Structure formats: C-alpha cells, structure tokens
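Keep in mind the model is a prediction, meaning the values are calculated, not measured.
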There are 2 protein chains.
Amino acid sequence: MTGIERQTGVALWRQIADEIRAAIGNGDHDDAGRLPTEAVLAARFDVNRHTVRQALAALAREGIVETVQGRGTAIVPRRRVTYPIGPRTRFSAGLGGQVTQAVTHLIGVSQEPASADLAALLHLQAGTPLLKLETLGEADGVPLSRAVHWFDARRFAGLPDAYRLEGSMTRALAACGVPDYVRLSTEISAAPATASDRTDLALQPGAVVLLTRSVNADSEGQPIQASHSRFAADRVSLSVANDRDKPVPGCDK
Amino acid sequence: MTGIERQTGVALWRQIADEIRAAIGNGDHDDAGRLPTEAVLAARFDVNRHTVRQALAALAREGIVETVQGRGTAIVPRRRVTYPIGPRTRFSAGLGGQVTQAVTHLIGVSQEPASADLAALLHLQAGTPLLKLETLGEADGVPLSRAVHWFDARRFAGLPDAYRLEGSMTRALAACGVPDYVRLSTEISAAPATASDRTDLALQPGAVVLLTRSVNADSEGQPIQASHSRFAADRVSLSVANDRDKPVPGCDK
DNA sequence: AGTCATTTGTTCGTATGTATG
DNA sequence: CCATACATACGAACAAATGAC
C-alpha cells in the first residue's frame, strides 16, 4: 500500500509532496538530514521518477528541501514556534525566548452589531455595537497568525488609538482601564488555508491553518473580548499546560 | 479575487469542492439550506459550468450535498463534535451528551525502545522498552480520532489485555493499578491528512487533521502515558476551558 | 591526476486527465 | 455530444555533477 491515489482531482506529484512534507514535519528523516534518492522514492510511491521530481521541485520552491545534482535532496532545517494557551495567554509574551522579536500589527478597524453567538459569549444583547479589530501577528518578520477581536464598542471606544500607540493588546487594554485579563476558554479546530489566509500569512496552496476561538475576561470575570485567530499550522503549534508550576518540554524537535 | 488558482497540482473542480465544503462547514449557506445555482457558482469562481458540476458531483459522492434536477443543490445537515481538553481529559467521557455512543478500538499493540523525546516526556532512560498501543476513537460509528499511546512496558505489561477486556483506557489503567490520572500537557498542531489518516478516519483527499501530543500522569504526578492523537478536523474541534466551574458554550452552530 | 558507481538533470515520445466553448 | 488546448504521468535514454577509491 503506497497511500497515493489516482483520479482524485489531486495530482500525484502534489500528493507525494504533501506526504513528504508531513514526513519531514514528523521528523522521519531527521537521522540522515536528507531524503532518499529519487529512484527510491519513485519505487516507494510506485510512480515514475519524473513525478517524484515534480514533487521535490514543489518542496524546493517552498524552501523545505534543497536538491543538488549528484548529491541528493537535503532537508532545510526549520523549527516551529510553540504558542502556549492558558489562563494568562498573551501573544508577544507567549513567544518570549523562542523568537527575538514578536509584534502585532493592526490591519483593520470597523464596527458591527453583535451576532447572537458573539453576544452570548460577551454577555451582551444581540445587536449591541461591537468594535472589531483585525490584527496580524509576526515573529522575526514571519507572519504567524491573523486574528479578529470583538469588544463592546461603548466600553472600548478608545482601544484602536491605544493599540496603534502601544502596539500590543495587553498595553492597549491597560490604557482602556483593564489592567489585567484572563483567558476564559479556547476552542481549537483546523482547516485548509483559504485564499486570504494564503495572502496574509504567506502560505503555499495546500497549507493548513489552526483556528482558535477564545474569550478573555477582566479581573471581575466579565467577558470583554472575543477573538477568532488563524495560525499558520506549519509554523506554529499550540501548547496547553495543565501543570502550573512545571512546564513540560515540547515534544517537537 | 476568487481564491481558485490554476497549476497548483490540484484540479479546479477539487479546489472548488474544497472551498464549498469549507463554506458549508463555516455555516455560510445555513440561511438558505442550499447552494447557489451552478451558473452563479461558475461566475463566482470564474470557471466553466462543467467544472462546477464536477465539484458538486464530488461533494454529492461525499454525502455533503444532494442535487436534484430542476430544484438545485441542497446541503445535507451535519454537526461537529467538541472534544474538551483539560486536566481530566478522557475520550469517552468528554463526548458525553454530544453523541449517543463513544467507543475506542485497539487496533495495534507493539513494543519499541524509547526515543530520546519520549524518554524525556515519561521521565525514563532513552531505550527503555515502551508498550505502544494504537487506538481508533469512534462516535456513533463514525471514526473521530486515531492515536498512539506509549507506556513503560515494565509497569504496564498487562495493559493490552486489560484494554481488550474493558474497552476503555481509563478502566484499563484502573485495572493496572492507576485509579486516577491527570493530563499534564497538550500540544496541538494541524496538518493535511496523510494517506493512512484517510483510510483509518474515512477522510477525503484534501482533508485536514488536528494533531495533539499529550502526557498523562498518575496521582503522584509521575508521567505514565505519552500520546499522539490525530482528529478528523471536519468532525471534531478541541475546547480548552480555563474556568473550572463555568464551561462556556461552544461558538459553533 | 583518473576511474567508477551513484545521483540528479534533460530531452525525446506517448497516453490520459482537466478545462473550455 | 464534439473539438481543442494544456497539465499530468509514464518510459527510455543520455548528460552532468558528486564523492570515494
């Protein structure tokens, strides 16, 4: 059983590229640091060597591997940033130590009436005017996540200006009279990257995004912020620690 | 901008099928309960109507939509199960209420020496013999997740038999002298479904899996179990609640 | 230096799948 | 249903680069 299927609407070379990308991400080739030869891969996937070459060319365009004539195909070392999720989840602070510079950009501000779902999460009446902020999270210049945040527009009218001034949600909220906040809940799912994911997060077709829907509350437990975030799954993993004093080291290499 | 790209190795009809499937999953057509006409879709995606028809035929084969001549294309209702992650995460109990029957099957037992990663997670010496259990989680006959679990083979030699007898990890561990356990950490990522995901979880090509890597510990805090789980992302979302007495309702429809 | 096996790079031709009109 | 254009996949052969001897 090779795992590659024909006539599915997905070209063999792309299926093979996805399979090899997953194997690399899984650390299957870490011992050698390079892939098997084209001939071996062709035999393993039961396809022509041309087809393997097309897959490897795609992975090379993505920057995942590098192939040199006569030498073979080497895996370009890469690491995945781990983003901790817990009661005190914050974007920039969570990445501390893993990256040298984490920033968020405000890429959109608008206002809209609360849908039934959002109203329930924020303990507001449906139709209440909400402030909607769209942000892009970057680490060392590489986009990691984009997010939409909703706030009660009456209470947080000054938030966009504060955000632009401070460049951080935590500090912007502090300027709006919320010195501290806690993460109430996070719901996590995943989906293929959409066209706008691909442009905002600089993703390849076929890439995957991790989706989170979360609610933050102030120190009184009053929900103040609902967020939908979209993470580039090949660059970020999420970590949930239930042990508050003893963080367990990640299982990734 | 349509979001559909040519020459990516993925046929247009499959990209369109994936987009429509994602839109349905996102609830974009819930108000009408049916899709726009083929002509409208062809215009929206900027392709020939033949191509849209091919996409709709694929979705019909998947059982997601039903097309009737003269009437249009209706959406077959479906829902996503939410799987809670927290200190007391358990497969069957977590789905209680959402499904009528949740079971796990043991699909593989083997033994292997601990890799450096696994040894660190379980506080063991690298090379220590580990018991490796592979399981498939189902709800109402639909596969939701497959997982690999590692245990110290010396301490849990009787686990496979106990699992086969009890049909549950919680009860099997109880039979092996672990009356209670807690989830220490969970790391979450996502990736395109591999070929074996597709066969085990009955997924379509282009589907996405949610990946978790977790560690469970006994009541003394000693790590006893490391697990890698793979969830069908179109059927499962993960939920992290940081508020221990007040579970927040999911944001999904 | 040269030789050799190994591995990737290139060029033919041919058949089938995909997309349009 | 047809015809057309392009992408995908295969097979065989040969060229060019690498590393070890």
Sole candidate of B:Gln111, B:Gln225, B:His228, B:Glu112 that passes side chain to side chain donor-acceptor pair (under 3.5 Å) when paired with B:Trp150: B:Glu112
Given [options], the nucleotide with the shortest approach to the side chain of [X]:
X	options	answer
B:Gln54	C:dA19, D:dA17, D:dT8	C:dA19
B:Leu12	D:dT8, C:dT20, D:dC10	C:dT20
A:Gln7	D:dT8, C:dG17, C:dG9	C:dG17

Sugar-phosphate only, base, or nothing, as touched by B:Arg6 at under 4.0 Å among non-hydrogen atoms: sugar-phosphate
Interatomic distance, [X] [atom1] vs [N] [atom2] [rounded to whole Å]:
X	N	atom1	atom2	result
A:Glu66	C:dG9	CD	C1'	17 Å
A:Trp13	D:dT8	CH2	P	6 Å
A:Gln69	C:dT11	CD	P	12 Å

B:Arg34, CZ: over 12 other non-hydrogen atoms inside 6.0 angstrom: yes
No-H, no-angle donor-acceptor pair, A:His50 side chain to C:dT11 base, under 3.5 Å: yes
5′-ward residue of the pair B:Ala11/A:Pro36 relative to DNA chain C: A:Pro36
Close side-chain approach of A:Glu19 to A:Leu41, heavy-atom, < 4.5 Å: no
Exercise: identify the closest heavy-atom pair between B:Arg146 and B:Ser196: NH2-OG, 3.2 Å
